[in-house]
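Inspection log for the structure reproduced underneath, given as structure tokens.
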Protein chains: 2
Amino acid sequence: MTRLNKPTIKDVAKEAGVSIATVSRVLNNGIGYSIKTKQHVLKTIEEMGYSPNAIARGLINKQSNTIGVLFPEISGLVSAEILQGIEEAAHARGKSIVICNTASSGHKTKEYLKLLQEKQVDGILFASQLLTLEYVAIVRKMGVPVVTVSAYSEDPTIPAVQVDNETAAYDAICYFIQQGHTEIGMISGNPSDLLAGAPRMAGYKRALKEAGIAYVPTKVAWDKGFYFEDGQKAFQRLYTDHPNLTAIFSASDELAIGAMSAATAKGLRIPEDLSVIGFDGTKLAKMAVPPLTTVSQHFFSMGKTAANLLFDSIATGRASSGRIIRHELIKRHSVQMPSSTKTMD
Amino acid sequence: MTRLNKPTIKDVAKEAGVSIATVSRVLNNGIGYSIKTKQHVLKTIEEMGYSPNAIARGLINKQSNTIGVLFPEISGLVSAEILQGIEEAAHARGKSIVICNTASSGHKTKEYLKLLQEKQVDGILFASQLLTLEYVAIVRKMGVPVVTVSAYSEDPTIPAVQVDNETAAYDAICYFIQQGHTEIGMISGNPSDLLAGAPRMAGYKRALKEAGIAYVPTKVAWDKGFYFEDGQKAFQRLYTDHPNLTAIFSASDELAIGAMSAATAKGLRIPEDLSVIGFDGTKLAKMAVPPLTTVSQHFFSMGKTAANLLFDSIATGRASSGRIIRHELIKRHSVQMPSSTKTMD
DNA sequence: TTGAAAGCGTTACCAG
DNA sequence: CTGGTAACGCTTTCAA
């Protein structure tokens, strides 16, 4: 039976005929040994197939080079894009990330926070995940920096990376208005959602007000969340109450596509009979029929930015400030001027 | 300045007036102490807010309770669903997962493999990611188990969790044939893809052959990959060469939706003029207009199964065998009998 | 330029 | 039932 255990720094030292201190030095510090020793050590490392043990390193350095990322769900396009951004930033700095799917459950979240503490992660990212005061307290006790991506925090001092949701919604409505629409409905997420619910509705109201259009509460509908089915259901209600709507702004792309699907089923043509704007800018939007005009959030870049903020904070020991990531109205083919404008009568 | 450092097991021992061995025992073994000591120790742990250090534990136990998962991309629906399945299985066993986005790059993959080795992961999952002989060799040297999910391995001895792609495609085509179609085209992925390309094309051919329908090479088209745009482009070519096709089988949902979008743009109605079947069963399919009939792969369950196989392998030290996950034809509204059957003339 | 040794926070063995 | 202590693999003083 050959020696199955992987070689340690000790083995390398013995084999190379130097001390472990020397091996460690050529591995880490750029100094403290002769060029000749360096080459010799490097060669034996190569020959033995030695690989340093990050766990042992972590124990002594008191850092794991790992961050934890919490998501309420990971099987969606939004999460996936944010995650990809985070991953890119992490990899660029040689850090690794452990992902935690909390399923929006307080229990699972706290469980994960405990796990992350035991794993000695260097920092934590809350992605799309409500950061309650309770979580903040836990994380404070852990003593590691936190940042939030596309998430609402009950503690305003936590650095956040997000879009200006109010303005983004406002811009969408203004575009409708520019196109001549006045009968504008909205499919919202739950208004109790302080990140993606309430602010977008506020933007909708502000744009209407500035244009002198009366705000009619029943022109805003929502169901449970931000999903396709919610969009379908909300549209039914909207259409029943207000069949004369010429434009609908939806708080997510899925919501918008659900609405379009329900509208098509009712025989409405898009955009001829009904204009639609979505939100998020996921790849769903370009795949819709017709391609969906939407307010894009650049999730990839949000994830990347948030991760970098966190890494900076870890490195400097100072809390960073948040960032607003610019949104962008991507114009495709789901919006046109209302065909039955009064002047046509 | 209060004591900022987190308490260690030593601190707990001192505070509780016992030895660290005892504290360790109440933390790990269910035995070896009086009920009274246990309560006392637990109380001091609680009071001091002590949390065990998983890094130190890992060092001595020679395991990290962590697995590495490699994806060629993580911002897609398929990856996200697989990941969610893996996450669920991992969390259920108290393991954590570090994710690696290789971008299909051999360089990044090898870099990650090295990182995972240093992190002392207990096992590795290749998800949707080609497992080359070179990678197998590296992983063998690492001495940890590997399993593959929805991925092709050049080494057939590696446990794999996947769908029977040939049969799945075969079933889809048979369904077309049952509905009366004979002019059946296919939008394939790249045939050099040994997992999702070649086998699905083989299934297509077999079904045709069994039904006595001639296989016409130009009735199969593909572009670069499995994405929306590829579907659009491939459809153009298919339609130019064979405008009389009444049915198209696509090797992914995105491909199918791309084809539908291009077909709709040409004035074709679905399913009246053209029937379409997709592949994957992502949430995209149900959101299409009309809702897409598709061969579902149950990615969530594949991820979960693969992770569990890996954990078993880690625990027992024995390689497990792979699993075929049953596919399922989900019938929605993108397929109907060809309207212009010969008998109607 | 180099080596010896202390120590990071745990676990597990061996005495008592 | 309990305590002392070696060891896990590594980094980092401190001396030489």
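So that the names make sense, note that chain A is the first sequence line, chain B the second, and so on, each numbered from 1.
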Distance in angstrom units between [X] [atom1] and [N] [atom2], rounded:
| X | N | atom1 | atom2 | value |
| --- | --- | --- | --- | --- |
| A/H40 | C/dT1 | NE2 | P | 17 Å |
| A/K10 | D/dC8 | NZ | C1' | 9 Å |
| B/N29 | C/dT10 | CG | P | 15 Å |
| A/K119 | C/dG9 | NZ | C1' | 16 Å |
| B/Q120 | D/dG9 | CD | P | 9 Å |
| B/I9 | C/dG7 | CD1 | P | 18 Å |
| B/Y50 | C/dG9 | OH | C1' | 7 Å |
| A/K14 | D/dC10 | NZ | P | 13 Å |

Hey, can you tell me if B/Y135 and B/F126 have their rings parallel, tilted or perpendicular (30° and 60° cut-offs)?
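Correct class here is parallel.
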Could you tell me whether the side chains of B/T102 and B/Q129 share a donor-acceptor contact shorter than 3.5 Å?
->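 Distance-only check passes for B/T102 and B/Q129.
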Item to complete: Can you measure from CG (B/L27) to CD1 (B/I9) and round to the nearest 0.5 angstrom?
Response: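 B/L27 atom CG to B/I9 atom CD1 measures 6.0 Å (nearest 0.5 Å).
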* **By ring-ring contact (aromatic ring centres under 6.0 Å, His included) - contacts of A/H40 (at least two apart)** =>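 Not a single residue meets the ring-ring contact (aromatic ring centres under 6.0 Å, His included) criterion with A/H40.
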Would you check if [X] and [Y] make a side-chain contact, meaning some heavy-atom pair closer than 4.5 Å?
| X | Y | value |
| --- | --- | --- |
| A/P52 | A/R57 | yes |
| A/T305 | A/S301 | yes |
| B/L125 | B/V149 | yes |

Donor-acceptor under 3.5 Å (A/N65 side chain, A/K95 main chain) | no
Among residues 52-63 of chain A, which ones have heavy-atom contacts with DNA chain C below 4.0 Å?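 Within this stretch, A/L59, A/I60, A/K62 sit under 4.0 Å of the strand.
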task: Evaluate side chain to side chain contact (heavy atoms under 4.5 Å, CB included) for B/D11 paired with B/M48, printing each intermediate quantity in order.
output: CA-CA 9 Å; B/D11 301 319; B/M48 302 180 71; 3.8 Å; yes
Identify the pairs formed between an N or O of the protein and an N or O of nucleotides 2-4 of chain D at a distance under 3.5 Å, and give each distance.
from, atom 1, to, atom 2, distance (Å)
D/dT2, OP1, B/T37, OG1, 3.1
D/dT2, OP2, B/S34, N, 2.7
D/dT2, OP2, B/T37, OG1, 2.7
D/dG3, OP2, B/S19, N, 3.1
D/dG3, OP2, B/S19, OG, 3.4
D/dG3, OP2, B/T22, OG1, 2.7
D/dG3, N7, B/R25, NH2, 2.8
D/dG3, O6, B/R25, NH1, 3.1

